[in-house]
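The chain is numbered in sequence order, starting from 1. A quick note: this is a predicted structure, and the numbers were derived from the prediction, not measured.
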Amino acid sequence: MELQQMRYVVAVAETNSFTRAAERCLVVQSALSHQIARLERELGARLFERTSRRVRLTAAGEAFLPAARQCLDAAERAGAEVAAAVGEVRGRLTVGIIPTVAAVDVPAALKTFHRRYPHVRIGLRVGASGELVEQVKDSAIEVAFLGLPLSDRPDGVATCELGRDDLVAVVAPGHPLAVESEVDLNRLSSEVFVDFPTRSAGRAQTDQAFAAAGLTREVAFEVTAADFMARLIRQELGVAMLPSKYVPNLTGVVTVPVKDGPARIEHLVWNRFTVTPAAKAFLEVLGVVSGNDG
């Protein structure tokens, strides 16, 4: 069984097409099909069901795919470690980010990193803090930028606190609150809200603040992207509470300080046990010592 055969299987599984998989792998389709057929004979099982309209994994293929990905990841990590041993950083760096990261200029950091280490392939995944922590634990991503309530702390990962920030009310320019110099939670509790999904860290910051004050509120719209949240606010469909340092990224909205509002901490996290050469180099770009686990 060869690594190239595993790459072909993964490519077909991800594209649902032998043609697109061959294009991705930069080989002719006949060669890719031949290698997969050879692997199937070696395994004694069909990995794909092929029809004139589609290609899909068989039960055997579903069982084979995770192990194939693990083998490819292990081979890539081994190659990266060898390169690092001779002073060259290679491999992959996948960075997880929340939609409202503000403590670090992530694009600028990636630009610096890419200039120093041009042979590292960089990927980005935007998601909720809880999801990103689990992906770091599973080594699906190497590092992640999180935003959590003051009472929460990333569990099971190495962490570095990047900064703290207060949440402010975000309203449409024509909203009555737009002319106020300050607002409190009691006044905001009568408003209709646009917020992040239930049980996400972004939502928890505001939920906890209202609960601590003994107040309830109506969340009419749940969205995952802060820029879309701003679009709803501009249409006067609701108000929101977002970190003050992030809000300048949005246009067409007005911010109002919240007297008794919540705050959040931004964290950088990485796998406590496995730090790839690329991840270590990225942490160094950010001025973080990878041995720190908070």
Which is it for Arg20 and Glu14 under the salt bridge (Lys or Arg N to Asp or Glu O under 4.0 Å) test, yes or no, and what are the steps along the way? CA-CA 10 Å; Arg20 290 193 293 272; Glu14 291 179 347; over 6 Å; no
Given the rule in the side chain to side chain donor-acceptor pair (under 3.5 Å) test, do Arg54 and Ser17 qualify, once you have shown the distances and angles that lead to the verdict? CA-CA 7 Å; Arg54 65 177 181 174; Ser17 166; over 6 Å; no
Determine, stepwise, if the pair Ser151 / Gln208 fulfils side chain to side chain contact (heavy atoms under 4.5 Å, CB included). CA-CA 10 Å; Ser151 58; Gln208 290 176 11; 3.3 Å; yes
Using salt bridge (Lys or Arg N to Asp or Glu O under 4.0 Å), reason through Asp166 and Lys245 one step at a time and then give a plain yes or no. CA-CA 8 Å; Asp166 294 324; Lys245 294 178 182 176; over 6 Å; no
Start with the C-alpha distance between Val269 and Leu146, add both sets of side-chain angles, then the distance that settles side chain to side chain contact (heavy atoms under 4.5 Å, CB included), and finish with yes or no. CA-CA 8 Å; Val269 299; Leu146 316 176; 3.6 Å; yes
Apply side chain to side chain contact (heavy atoms under 4.5 Å, CB included) to residues Val157 and Asn271 and explain how you reach the verdict. CA-CA 5 Å; Val157 291; Asn271 192 291; over 6 Å; no
I'd like to know whether Arg38 forms a salt bridge (Lys or Arg N to Asp or Glu O under 4.0 Å) with Glu2, so could you lay out the CA-CA distance, the side-chain angles of the two residues, the decisive distance to 0.1 Å, and finally the verdict. CA-CA 11 Å; Arg38 177 183 165 192; Glu2 301 173 0; 3.5 Å; yes
Apply side chain to side chain contact (heavy atoms under 4.5 Å, CB included) to the pair Thr206 and Arg217, showing each step before the final yes or no. CA-CA 10 Å; Thr206 306; Arg217 63 181 178 134; 3.5 Å; yes
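Rounded to the nearest 0.5 angstrom, Glu222 CD and Ser200 OG are separated by 8.0 Å. We find the CZ-CG distance between Phe145 and Leu268 to be 5.0 Å, quoted to the nearest 0.5 Å. The distance from the CE atom of Met241 to the CG atom of Asp207 is 10.5 Å, given to the nearest 0.5 Å. Rounding to the nearest 0.5 Å gives a distance of 13.0 Å between CG of Leu188 and NZ of Lys259. A distance of 5.0 Å separates CD of Gln35 from CD of Gln5, quoted to the nearest 0.5 Å. To the nearest 0.5 angstrom, Leu93 atom CG is 14.5 Å from Lys280 atom NZ.
Put simply, the side chain of Ser189 gets close to the backbone of Asn186: a donor and an acceptor are under 3.5 Å apart. Within the 3.5 Å criterion, the main-chain N or O of Gly147 finds a donor-acceptor partner in the side chain of Ser129. A side-chain donor-acceptor contact under 3.5 Å links Thr112 to the backbone of Ala108. Side-chain atoms of Thr58 come within 3.5 Å of backbone atoms of Arg46 as a donor-acceptor pair (strictly under, hydrogens ignored). Remark: the backbone N or O of Thr251 is paired with a side-chain donor or acceptor of Arg234 at under 3.5 angstrom.
When the side chains of ILVMFWY residues are joined at heavy-atom separations under 4.5 Å, either directly or via intervening members, Val275 and Val120 end up in a single hydrophobic cluster. Under a hydrophobic clustering in which Ile, Leu, Val, Met, Phe, Trp and Tyr are joined whenever their side-chain heavy atoms come within less than 4.5 Å, directly or via other members, Val288 and Ile141 fall into the same cluster. Linking ILVMFWY residues whenever their side-chain heavy atoms come closer than 4.5 Å, directly or via other members, places Leu283 and Ile122 in the same cluster. Both Trp270 and Val133 are assigned to one and the same hydrophobic cluster, defined by single-linkage of ILVMFWY side chains at heavy-atom distances under 4.5 Å. Note: the hydrophobic cluster containing Tyr246 does not contain Ile97 (ILVMFWY, side chain heavy atoms under 4.5 Å, direct or indirect links).
The number of heavy-atom neighbours closer than 6.0 Å to CZ of Arg24, taken from other residues, nucleotides and ligands shown, is above 12. Residue Asp155 places its CG atom among 12 or fewer non-hydrogen atoms of other residues, nucleotides or ligands, all under 6.0 Å distant.
Residues His175 and Glu191 form a side-chain contact, since some pair of their non-hydrogen atoms from C-beta on lies under 4.5 Å apart. By the 4.5 Å heavy-atom criterion applied to side chains, Phe64 and Leu39 are counted as neighbours. The shortest distance between side-chain heavy atoms of Glu134 and Lys137 falls below 4.5 Å. For the pair Leu150 and Arg264, the minimum side-chain heavy-atom distance is 4.5 Å or more. Using a 4.5 Å heavy-atom threshold, the side chains of Glu182 and Asp184 count as separate. Residues Ile233 and Leu237 have side chains not in contact (no heavy-atom distance under 4.5 Å, counting atoms from C-beta outward). Counting only heavy atoms from C-beta outward, the side chains of Glu180 and Arg187 never approach each other to under 4.5 Å. Residues Val170 and Val194 have side chains not in contact (no heavy-atom distance under 4.5 Å, counting atoms from C-beta outward).
Checked by atom type, the side-chain pair Thr159/Arg272 shows no donor-acceptor distance below 3.5 Å. Checked by atom type, the side-chain pair Thr19/Gln29 shows a donor-acceptor distance below 3.5 Å.
Residues Val223 and Pro197 approach most closely at O-CD, 3.2 Å, considering heavy atoms. Across Leu185 and Asp260, no two heavy atoms sit closer than the pair N-OD1, 2.9 Å. Across all their heavy atoms, Ala103 and Leu162 have their closest contact at CB-CB, 3.8 Å. Minimum heavy-atom separation, Leu242 to Val247: CB-CG2, 3.9 Å. Of all the heavy atoms in Glu266 and Val101, the pair that sits closest is OE1-CG2, 3.3 Å. Nearest heavy-atom pair, Ala204 versus Pro149, reported as atom, atom and distance to 0.1 Å: CB-CG, 4.0 Å.
Note: Phe221 and Phe196 fail the aromatic proximity criterion, with ring centroids not under 6.0 Å apart.
Taking the charged nitrogens against the carboxylate oxygens, Arg50 and Glu40 do have a contact shorter than 4.0 Å, which makes a salt bridge.
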